[in-house]
Amino acid sequence: MTHEAPSRAHSDHPSPPVARPVALITGVGRSVGIGAGIARRLAASGWDLALTHWSPYDGRMPWGAETDAMEVITADLDGHGAAHATIEADLEDPEVPARVLDETERRLGPVTALVMCHCESVDSDLLTTTVESFDRHFAVNARATWLLIREYGRRFRSTSGTGRIIALTSDHTVRNLPYGASKGAMDRITLAATHEFAHLGVTANVINPGPVDTGWMSGETRRECVEHTPAGRLGTPRDTAHLVDFLCSPEGAWINGQLIKSNGGFS
């Protein structure tokens, strides 16, 4: 949904253009990913965007790094007139969240919406998860989320009622233990902002988009997920992006402190 400036009567001295609010979206490393879909939707709705990515993570995943991803994504943002900044960010490093906010503010201005799509996700179960992997998952998925939210709250300067915090989660823990457990911690951290940042006029919500095939699914996984979804299809980045767009709009201000399942009825 596009946020448009109110119409004005004709004048020989036209008003300056209305400044676009700034959204920081983390975890936008692939042009087919959910983060990229959200970026495109918010750009079309009048937001400027800072996007973080971490190429070494994609490089060690089965799908590999997409070397031209940021060029593809930012070209789409240009088409919507959005200013943008891309930031390489290793969120396992506890010093990085503050640097990301610093860089965003320097290049685009203060952040109004914080949308967190970043993750560490490596499959392992109760018996095979290593301490190193467990700690990395919690550092990226839980600790970095806390540090990003903390920096956002410390710096928030937008109009009361416009601030938004949104995080993407998952409830998948079976044979995906460190990912699911760390995402559960992330949920609680994000929702704490609902009350702790109430004086700032900031809402905080978590979205569980269900299974979205952005290149990670096997054929068997895809078939099983489709069978368990009433609509007979998988979720898409656009499905999640439209919900984020609504939550970031003035009309979405009443939705607060919620963990929203936007998964087409997947069970």
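What you are looking at is a predicted structure, and each value in this text was computed from that prediction instead of being measured. Computed over heavy atoms, backbone and side chain alike; hydrogens, waters and symmetry mates excluded.
Counting heavy atoms from C-beta outward, Leu191 and Arg188 have side chains that approach closer than 4.5 Å. Between Asp102 and Glu151 the shortest side-chain heavy-atom distance does not fall below 4.5 Å. Proximity of Thr128 to Arg175: side-chain heavy atoms (C-beta onward) are nowhere separated by under 4.5 Å. Between Pro237 and Val32 the shortest side-chain heavy-atom distance does not fall below 4.5 Å.
Annotation for Glu196: atom CD does not count as buried by contact number, only 12 or fewer foreign heavy atoms lying within 6.0 Å.
The pair Asp90-Arg99 fails the salt-bridge criterion, with no side-chain N (NZ, NE, NH1 or NH2) lying under 4.0 Å from an Asp/Glu carboxylate O. Classification of Glu220 and Arg223 as a salt-bridged pair fails, no side-chain N sitting under 4.0 Å from a carboxylate O.
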**OP:** Please report the C-alpha distance between Glu251 and Ser249 in whole Å, then the side-chain angles of each, then the deciding distance to 0.1 Å, and finally whether the side chain to side chain donor-acceptor pair (under 3.5 Å) criterion is met.
**Re:** CA-CA 5 Å; Glu251 292 80 5; Ser249 74; 3.2 Å; yes

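Remark: of the listed residues Asn141, Asp187, Asn208, Asp187 is the sole one forming a side-chain hydrogen bond (donor to acceptor under 3.5 Å, both in side chains) with Thr169.
Residue pairs meeting the salt bridge (Lys or Arg N to Asp or Glu O under 4.0 Å) criterion with at least one partner in residues 43-64, sequence neighbours excluded, are Arg20-Asp48, Arg60-Glu120.
To the nearest 0.5 angstrom, Met186 atom CE is 13.0 Å from His137 atom NE2. Between the CG atom of Leu177 and the CG atom of Asp123 there is a distance of 11.0 Å, given to the nearest 0.5 Å.
Between Tyr152 and Phe156, the angle of the ring planes lies from 30° to 60°, which puts this pair in the tilted group.
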